[in-house]
Amino acid sequence: MSIQNKNKLVTISTLGKLKKAKEKFSCLTAYESTLAQRISEAGVEVILVGDSLGMVIQGHDSTLPVTMDQLIYHLDCVARGNVNSHIMADMPFMSYSTDELALENATKLMQNGAHSVKIEGGSWICKMTSTLAERGIPVCAHMGLTPQSINRIGGYFVQGRDTKKRQKLIEEAKSLESAGAAMLLLECVPNDLSKEITSLLKIPVIGIGAGPETDGQIMVIHDLLGISCLEKPPKFVKDFLKGSSSIETALGKYVKSVKSKKFPSRSHTFF
Ligand code: KIV
C-alpha cells in the first residue's frame with residue numbers, strides 16, 4: 001500500500017489552476033491497486049475508475065451491466081494504490097436515474113475513496129449536479145458520446161457534427177457549468193467543437209477522441225498498453241507501450257506527450 005501525501009493530492013482547484021495556466025493535464029482509467037500506484041507515480045493527475053471496466057475487465061460488450069457494488073470494489077482497490085492523483089468514480093448505468101438515487105450512490109462512492117463522480121448526460125443532469133455540488137460532491141459531466149446510451153444512440157460514432165446538435169452540446173455544457181459541474185468530459189466530438197466548449201467554460205474540460213484543445217486528456221489504460229478489448233482500436237487511441245521498455249516508461253511517455261501537446265496528434269483527432 002502506498003502512503004498518500006495529502007498535501008500533494010491533486011484537487012479540483014489544482015486542475016482549475018492548470019487550465020488557467022494553459023497547462024495540459026493527463027488522466028487515465030484504473031481498476032486495481034498496482035497499476036493505480038504506477039499511474040499516480042507517473043504524474044497522471046486524474047485516475048478514473050470507469051465503468052469501462054464492464055468491457056475491459058468483465059468482457060461485456062457494453063458498460064451497462066456494471067453495478068454499484070462492482071464499481072465500489074474497483075474503486076476501493078484503486079484508492080489503496082493511489083499516491084496523490086485525484087480519483088474520479090463513474091456512476092454506473094441507472095445508478096442516477098433519479099436525483100435521490102444519485103445522491104445516495106454518489107455518497108457511497110465518495111465514502112469509498114472517490115474525490116469526484118462522473119455522470120453521463122446533458123441538461124437532464126443539471127438538477128442532480130446542483131444537488132450533489134451543494135452537498136460537497138464534485139461532478140464531472142460526461143457529454144458527446146455517452147456509452148451508457150449506446151442503445152439510444154445506435155453506435156459508437158462522432159457526436160455534434162451537425163449545426164443543431166453542435167449548438168445543443170454547447171448550450172448544455174454552459175448549463176452544466178452554471179449548475180455547478182466541477183469538470184466536463186467530452187467524448188468523440190470534432191476538434192472545433194471541443195475547442196469552442198473548452199474556451200467558453202471556466203471549469204476544466206477533459207477529452208477522449210475530442211482532439212488536442214481540451215484542458216486534459218483521458219485514455220483507457222488497456223488502450224495505452226496496446227491491449228484494446230476491441231478488434232480494431234478507435235482512431236483516438238495510441239499504444240504507448242509500443243517501443244517502450246516497461247509499463248512505467250509507457251506511462252511516462254503518455255504524461256509527457258499530453259503535457260507537450262504531442263498527444264493527441266491530427267491522426268487521433270476528428271475534424
Ligand atoms: O468509463 C470510462 O472509461 C470512461 C472513459 C472512456 C472516459 O468513461
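Small disclaimer: the values here were computed from a predicted structure and weren't measured. Just follow the structure's listing: the first ligand is 1, and inside any ligand the first atom is 1.
- Residue D51 approaches ligand 1 through these ligand atoms, each under 4.0 Å from one of its heavy atoms: 1 (O).
- Of all protein heavy atoms, the one closest to atom 3 (O) of ligand 1 is S52 OG, 2.5 Å.
- In terms of modelled atom types and a separation under 3.5 Å, the side chain of E32 and the main chain of T34 share a donor-acceptor contact.
- A donor-acceptor contact closer than 3.5 angstrom links the side chains of S85 and S40.
- Listed by number with element, the atoms of ligand 1 under 4.0 Å from a non-hydrogen atom of G50 are 1 (O), 2 (C).
- Between the CZ atom in F93 and the CD atom in E120 there is a gap of 9.5 Å [rounded to 0.5 Å].
- For K235, the NZ atom counts as densely surrounded, since its 6.0 Å shell holds more than 12 non-hydrogen atoms of other residues, nucleotides or ligands.
- In the displayed structure, D61 atom CG is contacted under 6.0 Å by at most 12 heavy atoms of other residues, nucleotides or ligands.
- For the residue pair K118 and D90, the shortest heavy atom distance occurs at NZ-OD1, 2.8 Å.
- When heavy-atom distances to ligand 1 are checked against a 4.0 Å cut-off, L53 has no atom that comes that close, whether in backbone or side chain.
- The closest approach between M219 and ligand 1 stays at or above 4.0 Å for every heavy atom of the residue.
- Residue-ligand proximity, H142 to ligand 1, at heavy-atom distances under 4.0 Å covers atoms 8 (O).
- Residue T63 does not touch ligand 1, judged by heavy-atom distances below 4.0 Å.
- In terms of polar-atom proximity, defined here as any N/O pair under 3.5 Å, D90 does make such a contact with ligand 1.
- Contact analysis puts K118 in contact with ligand 1, with a non-hydrogen atom separation below 4.0 angstrom.
- Here atom 6 (C) of ligand 1 lies nearest to I208 when heavy atoms of I218, I208, I221 are compared.
- Annotation for K256: atom NZ does not count as buried by contact number, only 12 or fewer foreign heavy atoms lying within 6.0 Å.
- Considering backbone and side-chain atoms together, T29 places no N or O closer than 3.5 Å to any N or O of ligand 1.
- For atom 5 (C) of ligand 1, the closest non-hydrogen atom of the protein is L48 CD2, 3.9 Å.
- Shown here is K108, whose NZ atom has more than 12 heavy atoms of other residues, nucleotides or ligands within 6.0 Å.
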